[in-house]
Amino acid sequence: MIAVDHILLIQTSFIGDVILATSALESLHQNQPKAKIDVLVRKGNESLFEDHPFINRVLVWNKTQSKNARLIQLAFEVRKNQYDLVVNLHRYASSGFITALSGASHKAGFRKNPLHVFFTHVCKHQINGRHEIQRNYDLIAPFCQTTHPEKPRLYPTEQQIKRIESFTTEPFCVIAPSSVWFTKQWPAEKWMELIKHIPESEKIVLIGAPNDHEYCEKIMTESKHPKIINLAGKLSLLESAALMSKAEMNYVNDSAPLHLASAMNAPVTSIFCSTTPFFGFGPLSDVQVIAETKEILDCRPCGIHGYDTCPKGHFKCALNIKPEQVFINK
């Protein structure tokens, strides 16, 4: 194992990618317990590391304001910090630029990064059924004595846990019905069918981002379940994670809430519409259910990320998933 004293881990993609990157953080901390570990994320994702127990510093890249100027500024800041190891989980040139100029003795990244020729440790990033945390672990394996990745993990604060306590005084389930991508999102009418299967005695909590509030409000109003509440936009990411950890079950799309559940080892039922777990972004919780269409469709999967509309126009990959596949009576 190669010992290092100061580590930077870069993941400037979306929320789910950063949550899965915490697996690498856990592995690095376990194997390099004396090392200072910093992270670099895009603006908006830094809240995942609020009062984190072993992260030394969080660097933030604002991609919406003076993007390129801030990128150059960050590159100089990273170089000034004199890292021994820079681990780049992001596969694009922007992060490759920071890594290449870091001055670190060890620079680890994926071959898909256009600037990988400047890295000292390079691995392939292949979609072959292995989970993303295993692909990420390949990059840090030379710096670890263990042979397998740790699970991703988040650390809600005591204050955040206290804030959600009032919602956890009775048995409840969580539904996160939204996704950034239309073809990853089980339609509203299917969620409402699912809610009909949930006993009226069990509370249902809808969660999501602020821009999901109206969508969740529609589901809440039209489902007419007597004990459903809409908290979309009212909880932070770590508060949502804390809430999910207390739920009897969490119902999610192939989206960020799926990874929140994994990071809290919370029970989860994940619905895969246009994508499949084969891509490597499936659930990692001890208690998990995967729901996907049983019909073989030659158009599925249609892409690793998803689309704004179904390319074929029928959206069978979502509409063919029955509520009975999603709700498993305890």
Side-chain angles (χ1 to χ4, degrees), residues 6-22 24-25 36-52 55-83 86-104 107 109-110 112-116 118-119 132 136 152 154-157 160 176 178-182 184-185 207-215 232-241 255-257 259-260 263 304-308:
H6 200 186
I7 302 169
L8 174 67
L9 186 141
I10 302 173
Q11 180 49 281
T12 57
S13 285
F14 298 104
I15 295 170
D17 299 297
V18 178
I19 296 170
L20 292 179
T22 65
L25 291 173
K36 288 197 301 183
I37 302 177
D38 298 351
V39 296
L40 170 57
V41 296
R42 70 189 298 169
K43 186 172 179 58
N45 292 343
E46 68 273 20
S47 65
L48 289 168
F49 302 104
E50 182 180 345
D51 291 332
H52 195 284
I55 295 300
N56 174 62
R57 187 180 177 196
V58 181
L59 304 177
V60 180
W61 181 21
N62 188 342
K63 294 187 177 185
T64 61
Q65 294 180 355
S66 304
K67 178 179 178 180
N68 292 332
R70 178 57 179 154
L71 175 65
I72 294 171
Q73 182 183 355
L74 273 172
F76 280 107
E77 187 174 354
V78 166
R79 189 175 182 87
K80 183 179 177 181
N81 288 341
Q82 297 183 325
Y83 293 103
V86 172
V87 181
N88 186 358
L89 304 183
H90 189 240
R91 300 186 297 278
Y92 296 89
S94 54
S95 61
F97 174 74
I98 294 173
T99 306
L101 294 183
S102 67
K107 298 181 280 289
F110 289 112
K112 286 184 178 180
N113 194 297
L115 297 180
H116 73 271
F118 298 102
F119 302 169
E132 181 74 351
N136 289 343
L154 295 174
Y155 297 86
T157 64
Q160 289 162 337
S178 301
S179 172
V180 172
W181 302 102
F182 172 84
K184 279 189 172 186
Q185 181 173 289
I207 65 170
N211 57 3
D212 299 325
H213 186 82
E214 185 176 345
Y215 181 67
K234 297 181 180 180
L235 301 177
S236 69
L237 287 169
L238 287 179
E239 287 167 350
S240 296
S255 191
H259 308 307
L260 284 176
I304 190 169
H305 295 299
Y307 293 95
D308 293 333

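Any value given below was found using the heavy atoms of this structure, including those in side chains, with hydrogens, waters and symmetry copies removed.
- Inter-residue side-chain proximity for Thr99 and Leu115 is flagged as unmet; no heavy-atom pair is nearer than 4.5 Å.
- When each of Val39, Val41, Leu8 is paired with Leu59, the side chain to side chain contact (heavy atoms under 4.5 Å, CB included) condition holds for Leu8 and for no other.
- For Gln82, the CD atom sits in a loose shell: 12 or fewer heavy atoms of surrounding residues, nucleotides or ligands are nearer than 6.0 Å.
- Other residues, nucleotides and ligands contribute only 12 or fewer heavy atoms inside 6.0 Å of the CD atom of Glu214.
- Without hydrogens or angle criteria, Asn113 side chain to His90 main chain gives a donor-acceptor distance under 3.5 Å.
- The two atoms that bring Leu71 and Ser94 nearest to each other are CD1-O, 3.6 Å, heavy atoms only.
- Lys43 contributes no side-chain N or O that, together with a main-chain N or O of Gln65, makes up a donor-acceptor pair within less than 3.5 Å.
- Between Gln185 and Ser178 there is a side-chain heavy-atom pair separated by less than 4.5 Å.
- The structure places CD of Glu77 at 9.5 Å from CD1 of Ile98, a figure rounded to the nearest 0.5 Å.
- Taking a 6.0 Å sphere around CZ of Phe14, one finds it holds 12 or fewer heavy atoms contributed by other residues, nucleotides or ligands.
- The number of heavy-atom neighbours closer than 6.0 Å to CZ of Phe182, taken from other residues, nucleotides and ligands shown, is above 12.
- Residues Glu50 and Tyr155 have side chains not in contact (no heavy-atom distance under 4.5 Å, counting atoms from C-beta outward).
- Residues Gly306 and Trp181 share a closest heavy-atom pair of O-CE3, 3.4 Å.
- In this structure, the side chains of Phe49 and Leu25 come closer than 4.5 Å at one or more pairs of heavy atoms.
- For the atom pair Ser255 OG and Asp212 CG, the distance stands at 8.5 Å (nearest 0.5 Å).
- Taking every heavy atom of both residues into account, Phe119 and Ala100 meet most closely at CE2-N, 4.4 Å.
- Side chain of His6 to backbone of Lys36: no donor-acceptor contact under 3.5 angstrom is found.
- Considering every non-hydrogen atom in both Ser47 and Gly44, the closest pair reads OG-O, 3.9 Å.
- Closest heavy-atom contact between Ala263 and Ile19: CB-CG2, 3.8 Å.
- Atoms CD1 and CG, on Ile72 and Leu74 in that order, are 10.5 Å from each other to the nearest 0.5 Å.
- A donor-acceptor pair under 3.5 Å is formed between the side chain of Asn88 and the backbone N or O of Ser95.
- Panel note: side chain Asp38, backbone Arg57; a donor-acceptor pair is recorded below 3.5 Å.
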Next on the checklist: Using side chain to side chain contact (heavy atoms under 4.5 Å, CB included), reason through Asn45 and Gln11 one step at a time and then give a plain yes or no.
Outcome noted: CA-CA 10 Å; Asn45 292 343; Gln11 180 49 281; over 6 Å; no

Next on the checklist: The test is side chain to side chain contact (heavy atoms under 4.5 Å, CB included); show your working for Lys234 and His213 and say whether it passes.
Outcome noted: CA-CA 9 Å; Lys234 297 181 180 180; His213 186 82; 4.1 Å; yes

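- Asn81 places no side-chain N or O within 3.5 Å of a backbone atom of Val78 that could act as its donor or acceptor partner.
- Distance CG/Leu89 to CG/Asn136: 4.5 Å, rounded to 0.5 Å.
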Checklist entry - Would Arg91 and His116 satisfy side chain to side chain contact (heavy atoms under 4.5 Å, CB included), going step by step from the backbone distance to the final call? => result CA-CA 9 Å; Arg91 300 186 297 278; His116 73 271; over 6 Å; no

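- Contact between Val60 and Glu46 at its shortest, heavy atoms only, is CG2-CB, 3.8 Å.
- Under the 4.5 Å side-chain criterion, counting only non-hydrogen atoms from C-beta, His259 is not in contact with Pro152.
- A donor-acceptor distance shorter than 3.5 angstrom exists from the side chain of Arg79 to the backbone of Leu101, with no hydrogens or angles considered.
- Remark: the backbone N or O of Ile7 is not paired with any side-chain donor or acceptor of Asn56 at under 3.5 angstrom.
- For the atom pair CG (Leu237) and CD1 (Ile15), the distance works out to 5.0 Å, reported to the nearest 0.5 Å.
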